[in-house]
Amino acid sequence: MSILSADTYRRFAAVGDQAVSILSELKRKTFKAGSTIFREHEKPDYAYFIESGKVELSADNGEETIILTSMGPGDLIGEMAIIDNSTRTATAIAMQDTVVIPLDQAMIQDKLGSADPIAHLLLRVVVGRFRWALRRVLDSQRLVSEQTMTVAGFDTRYQRVRESAINRLRIEQDLREAIENQQFVVYYQPVVAMRSGIIAGFEALIRWHHPERGMIPPGEFIGVAEQSDLIVPIGAWVLEQACEDLPRFQRVFDKYIQDQPPLFMSVNVSPKQIDKLSKAGRLDAILKANETDPARIKLEITEDILVQSPELAATALAEMKSVGVELALDDF
């Protein structure tokens, strides 16, 4: 079992420019009771996912301030101005100490830009209706209930989608903190040769030791890591750690087992990692930094990269092969 060291982190953080900058995003922020999160008519910079606490939304109709609603854990505030690129329509004040996860405007716009055009259009229509309903309320000087602020048609299916999105956001935020706080460990699964029955090598398997939830299996976080591009720094660290630990295993085997062929280390590589590893000699740099024989490293890829981006795969895999590592097709 190996834990990410500060030195190793500094080395794998350089694997991609995006991997370095992405660590500064999505930091939890606390607003004390009575403080203003954002004001009406301001230009938006962030939307906020409320993790704990309570926020009151209000707006000025020209004569008085109208209390619109209060929002709590699991709610998203400030997203409308970002989605339709306009100024804030309400003021948000923390009614008690409130913890939020800021969602950067550039990140949201980037995700919207890559979304399905129809989904993007529908989202803007929903925001437009929401603003129209809000304006009617302000004009008539009526208080807004939770039901008034709800767009018709949002039902239990919406709640499931909402809960899924919130859970994904939490995992993504926790993953960023896991990288910074060195919460990952690597387990090594022996690979046994069928004919001889001896251990021929090991497969490096990442696990996440969450400070509150305990050990989290990869099935619960690898998908989110892939979608958020966090798989790039995470995967690079696993490769570095595997290269660092391989000689330790070899020394033990050399001491107790005679005539043992050199062990190999198998490491899973995601489609997003392939492009990063193949560029600017990054794979070669990792191997040389750990004095690892490339022939003893086996990179396992899935067939997805071959189907989705065959040209990219062909170029990247050829470059990695030229370094001298072994390549294997996983989940074929």
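Just so you know, residue 1 is the first one in the sequence shown, and it goes up from there.
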Could you report the tightest heavy-atom contact between Ala33 and Asp97, atom names first, then the distance?
N-OD1, 3.0 Å

For the side chain of Arg296 and the backbone of Leu263, is there at least one donor-acceptor N/O pair under 3.5 Å apart?
yes

Apply the test side-chain contact (heavy atoms from CB on, under 4.5 Å) to residues Leu327 and Ile301: give CA-CA distance (whole Å), side-chain angles for both, the deciding distance (0.1 Å), then the verdict.
CA-CA 8 Å; Leu327 299 175; Ile301 62 173; 5.5 Å; no

Quick one: does Asn290's side chain have a donor or acceptor within less than 3.5 Å of a partner on Ile286's backbone?
yes

Look up atom CZ in Arg88 and atom CG in Leu57, then write down how far apart they are to the nearest 0.5 Å.
10.5 Å

Any side-chain heavy atom of Glu203 within less than 4.5 Å of one from Glu300?
yes

To the nearest 0.5 Å, what is the distance between NE2 (His210) and CZ (Phe221)?
11.5 Å

Test your reading of the model: is there a side-chain donor-acceptor pair from Asp60 to the backbone of Thr65, 3.5 Å cut-off?
no

Could you report the tightest heavy-atom contact between Ala242 and Tyr188, atom names first, then the distance?
CA-OH, 3.7 Å

State plainly whether the residues Asp254 and Arg251 are in salt-bridge range, i.e. N to O under 4.0 Å.
no

Side chains of Val99 and Phe49: closer than 4.5 Å at any heavy-atom pair?
no

Side-chain touch Val100/Tyr46, heavy atoms, less than 4.5 angstrom
no

Student check: side-chain heavy atoms of Thr292 and Pro247 closer than 4.5 Å:
no

Specify the closest pair of heavy atoms between Leu287 and Cys243, including all atoms of both residues, with the distance to one decimal.
CD2-SG, 3.8 Å

Check this for me, if you would: do Arg213 and Glu220 make a salt bridge, where the nitrogen-to-carboxylate-oxygen distance has to be below 4.0 angstrom?
yes

Value for CG (Leu239) from CE (Met265), rounded to nearest 0.5 Å, stands at 10.0 Å

Heavy-atom closest contact (Ala200 atom, Gln260 atom, distance):
CA-NE2, 4.5 Å

Kindly write out the residues that satisfy side chain to side chain donor-acceptor pair (under 3.5 Å) with Lys288, not counting sequence neighbours, or none if the list is empty.
Asp284

Within the 4.5 Å heavy-atom criterion, are Ile50 and Leu76 side-chain neighbours or not?
no

Is it the case that the side chain of Ser322 and the backbone of Met320 share a donor-acceptor pair, with hydrogens and angles ignored and the cut-off at 3.5 Å?
no

Carboxylate-amine/guanidinium proximity below 4.0 Å for Arg28 and Glu177
yes

Nearest-0.5 Å distance that lies between atom CG in Leu317 and atom CG in Leu299
9.0 Å

When every non-hydrogen atom of Ser52 is compared with those of Thr98, the smallest separation belongs to O-CG2, 3.1 Å

Return the orientation label for the Phe31 and Tyr48 ring planes: parallel under 30°, perpendicular over 60°, tilted otherwise.
perpendicular

Gln183 and Asp174: side chain donor to acceptor below 3.5 Å:
no

Residues Glu40, Thr91; criterion side chain to side chain donor-acceptor pair (under 3.5 Å); working and verdict:
CA-CA 5 Å; Glu40 187 177 4; Thr91 296; 4.5 Å; no

Pairing of Lys54 and Asp75 as salt bridge, 4.0 angstrom limit
no

Check step by step if side-chain contact (heavy atoms from CB on, under 4.5 Å) holds for Phe253 and Ile199.
CA-CA 9 Å; Phe253 274 68; Ile199 295 178; 3.9 Å; yes

Taking every non-hydrogen atom, the tightest pair across Ile179 and Pro233:
CD1-CG, 4.1 Å

Step-by-step side-chain contact (heavy atoms from CB on, under 4.5 Å) determination, Trp237 to Val186
CA-CA 10 Å; Trp237 172 72; Val186 176; 3.6 Å; yes

Among Ile216, Ile234, Ile222, exactly one meets side-chain contact (heavy atoms from CB on, under 4.5 Å) together with Trp208. Which residue is that?
Ile216

Would a hydrophobic clustering, with Ile, Leu, Val, Met, Phe, Trp and Tyr connected at side-chain separations under 4.5 Å, put Ile231 with Leu205?
no

Arg207 versus Pro218: any side-chain heavy-atom pair under 4.5 Å?
yes

Contact check, side chains of Val185 and Met215, non-hydrogen atoms, under 4.5 Å
yes

CD of Glu319 to CG of Leu283, rounded to nearest 0.5 Å, is 10.5 Å

Are Ile257 and Phe202 grouped together when hydrophobic residues (ILVMFWY) are joined by side-chain heavy atoms under 4.5 angstrom apart?
yes

Can you check side-chain contact (heavy atoms from CB on, under 4.5 Å) on Ile37 and Val55, steps first, answer last?
CA-CA 9 Å; Ile37 300 175; Val55 176; 3.7 Å; yes

Same apolar cluster (I L V M F W Y, side chains within < 4.5 Å links), Val238/Phe249
yes

In Å and rounded to the nearest 0.5 Å, what is the CG to CD distance from Leu246 to Glu291?
12.5 Å

Quick check against the 3.5 Å criterion: does Gln273 have a side-chain atom that pairs as donor or acceptor with the backbone of Ser270?
yes

Identify, with sequence neighbours excluded, every residue that meets salt bridge (charged side-chain N to carboxylate O under 4.0 Å, His left out) alongside Asp293.
none

Residue pair Glu56 / Ile67, side-chain heavy-atom distance below 4.5 Å:
yes

When you compare the side chains of Ser228 and Glu172, does any donor N or O come within less than 3.5 Å of an acceptor on the partner?
no

